[in-house]
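Counting begins at 1 with the first residue of the sequence. Only this structure's heavy atoms are used, side chains among them; waters, hydrogens and symmetry mates stay out. Indexing begins at 1, ligand by ligand and atom by atom, following the structure's order.
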Amino acid sequence: MALDFKYVADKDISALETSCAVFFSSSLEEEFTHINAKWAHVAHSAQRESRFSRKVGSSFLINLWGEDTKVKNVLIVPLGENKEEQTHHDYHKAITEAWKKLAELRIEDAVFILPSDDCVWMVRQIVLVGEHVLYNYNDMRSKISDDHTSTFSKAWLFVSKQGPKTDSLDGVLKESMSIAAGISLTKDLGNAPANICTPYYLSLRAKALSSEMGMTANTISLEQAKEMGMGAFAAVSQGSKEPACLIEISYKNSPNKNDSPYVLVGKGVTFDSGGISIKPSACMDEMKFDMCGAAAVLGVMKAVALLKLPINVVGIIPATENMPGGCATRPGDIVKTMSGQTVEILNTDAEGRLILCDALTYVERFSPKVVVDIATLTGACVVALGNEAAAIYTRPEDYSIRNDIVSAGEKTLDRAWPMPLWEEYQEQLKSKFADFANIGTRWGGSVTAACFLSRFTRNYKWAHLDIAGVAWVSGQGTAEATGRPVAMLSQWLISQSNVVS
Ligand code: BES
Ligand code: MN
Ligand code: ZN
């Protein structure tokens, strides 16, 4: 569901016909008086009655019934008393609370009164958090009840005289709404069950997206992939009845048509049972999310296309299931990758790197500007960073790319954090029988997975994102896709587009 956002410039706010004015407040009287003298006494009485908590993350609704205004309610959302101590974390908490309260009260429209500083940041977060809080996945229900839908549809953003001009905010609003649309697609694909969201289904969705957005899409069959030498990718798919495929989607809008593209490679394991090295059954349902890297590629491409960014982008998705069975790869099997290097598959559950390595060799043909791969690659990454940050890996010569991506993450609060890719870790991948193995020791599992990939990415600039901890929130019966890292990567490509190339 796409929300409708519009700016209103500084005018008499009480003349706005709206169900609720959302007011982020540090100092009630002062700011209330500034916005509308008529309401100051409402704030005063609320405060006097001490019904009103000043805690960040709380909110308080005041009904304006009987007041001389078209605004029906005011939602007061405290930001903390001391302006100097307010952090982006506080702002984020306050915005989340505001949206949760609006949703809970089933309010349909509201005006957000923006503070005069940090307006741009505020607008971005109001849009992204709003789309997040109001998101529902209902594609699989036979009946949709009120609990599963939100009523909210229209938000005004009120900018006071002290704030920036609304035309300068238009850019950030458009960016955020496009990013939100990308996130929503990524969530839908991630949340879809593995019996629906198969490799073939992903290829159809990629095609649908490309015709909707004026991009081109192409599917390479497993047979063609094998002919190209993708032995590792084929090995992962061989235990599954669902045909694997390699999805290619291309967006061309650089003023220079032959401009080298940004290439995004997304892990598309539509279900990861572990294969013969089978996973424990607890929470195995969550392995339907093992294609969230692929879903993020499509989400970013949607955002980029909606924004008509003047760049070229190619998305590559190796899509397959990882299943056990009579045809499945055995631990100890040795396969030849497209690069010519041989790999001993000591654990069939380390399948992500096996499909990515061939995709990463395949993308050399695009002479990429930069390749970024996005993968729910290791449980070890979740141990290292929890659910707050994706791990980002680059070689030292690409640290500037890493910095750009990390700051795009900081800007959108969809964060990544740098991890090492030192030679010392490469030792762990030694194999007695092949060029190297697909797993290391128990320690530093996210790093050794990245080391494995680095052996296939020597011919271009490359960053690897392990999104195992951020792509979805787990929980028995409550697990759901987050749409990360679409915001971070879209913001990165936006900033790249603003750099003259
Ligand atoms: N898809 C998993 C990684 C994963 C596990 C993501 C749990 C999120 C939550 C990946 O294919 C995998 O199974 N990795 C193994 C690698 C190991 C066998 C070296 C892992 O992390 O256990
Ligand atoms: Mn696995
Ligand atoms: Zn996996």
Does ligand 1 have any atom that is closer than 4.0 Å to a heavy atom of K279?
yes
So E410 and R415, salt bridge (Lys or Arg N to Asp or Glu O under 4.0 Å) or not? Walk me through it.
CA-CA 6 Å; E410 198 56 50; R415 293 176 168 125; 3.2 Å; yes
Just to confirm my output: which protein heavy-atom neighbour is closest to atom 10 (C) of ligand 1, and how far is it?
L377 O, 3.2 Å
For W472 and ligand 1, answer yes if some heavy atom of the residue is under 4.0 Å from a ligand atom, otherwise no.
yes
Which atoms of ligand 1 sit under 4.0 Å from any heavy atom of R353?
16 (C), 19 (C)
Restricting to N, O or S, what is the name of the atom of D290 that lies nearest the Zn ion (ligand 3)?
OD2
Counting only heavy atoms not in E397, do more than 12 sit closer than 6.0 Å to its CD atom?
yes
Is the backbone of S273 close enough, under 3.5 Å, to the side chain of N322 for a donor and an acceptor to pair up by distance?
no
Counting only N and O atoms by type, is there a donor-acceptor contact under 3.5 Å from the side chain of T376 to the main-chain atoms of I467?
no
Minimum-distance atom from the Mn ion (ligand 2) among N, O or S atoms of E351:
OE1
Show the numbers, then the answer: is there a salt bridge (Lys or Arg N to Asp or Glu O under 4.0 Å) between K93 and D90?
CA-CA 5 Å; K93 228 165 139 182; D90 292 334; 5.8 Å; no
Check whether any side-chain heavy atom of Y262 lies under 4.5 Å from a side-chain heavy atom of L493, and answer yes or no.
yes
Atom 6 (C) of ligand 1 [closest protein heavy-atom partner, distance rounded to 0.1 Å]:
A468 CB, 3.6 Å
Looking at atom 22 (O) of ligand 1, is any protein heavy atom nearer than 4.0 Å to it?
no
Can you list the ligand 1 atoms lying under 4.0 Å from a non-hydrogen atom of I439?
19 (C)
Close-contact set for ligand 1 against K267 heavy atoms, below 4.0 Å:
1 (N), 10 (C), 11 (O)
Hey, is D349 touching ligand 1 through its side chain, its backbone, both or neither, going by heavy atoms under 4.0 Å?
both
Quick note on ligand 1: atoms under 4.0 Å from a heavy atom of T376 include exactly 1 (N), 2 (C), 3 (C)
E351, N/O/S atom nearest the Zn ion (ligand 3)
OE2
Is there a donor-acceptor contact under 3.5 Å from the side chain of R455 to the main chain of F436?
no
Side-chain donor-acceptor pair under 3.5 Å between H464 and D373, yes or no?
yes
Once you restrict to heavy atoms under 4.0 Å, what part of M287 touches ligand 1? Side chain, backbone, both or neither.
side chain
Going by distance alone, is a donor N or O of one side chain under 3.5 Å from an acceptor N or O of the other, for N191 and Y135?
yes
From CA spacing to verdict: salt bridge (Lys or Arg N to Asp or Glu O under 4.0 Å), R205, D188
CA-CA 11 Å; R205 293 296 297 260; D188 285 350; 5.1 Å; no
Looking only at N, O or S atoms, which one in D272 sits nearest to the Mn ion (ligand 2)?
OD2
Using a distance-only test with no angle check, is there a side-chain donor-acceptor pair under 3.5 angstrom linking N459 and E364?
yes
N or O pair under 3.5 Å between D272 and ligand 1:
yes
Any side-chain donor paired with an acceptor under 3.5 Å for E351 and T329?
no
For E351, the ligand 1 atoms whose distance to one of its heavy atoms is below 4.0 Å:
11 (O)
What angle, to the nearest 10°, do the atoms NZ (K267) and OD2 (D272) form about the Zn ion (ligand 3)?
180°
Could an N or O of ligand 1 be found under 3.5 Å from any N or O of G379, whether backbone or side chain?
yes
If you count the atoms of ligand 1 from 1 in the order shown, which ones are under 4.0 Å from a heavy atom of N347?
18 (C)
Part of V269 with heavy atoms under 4.0 Å of ligand 1, whether side chain, backbone, both or neither
neither
Greater than 12 external heavy atoms within 6.0 Å of K279's NZ:
yes
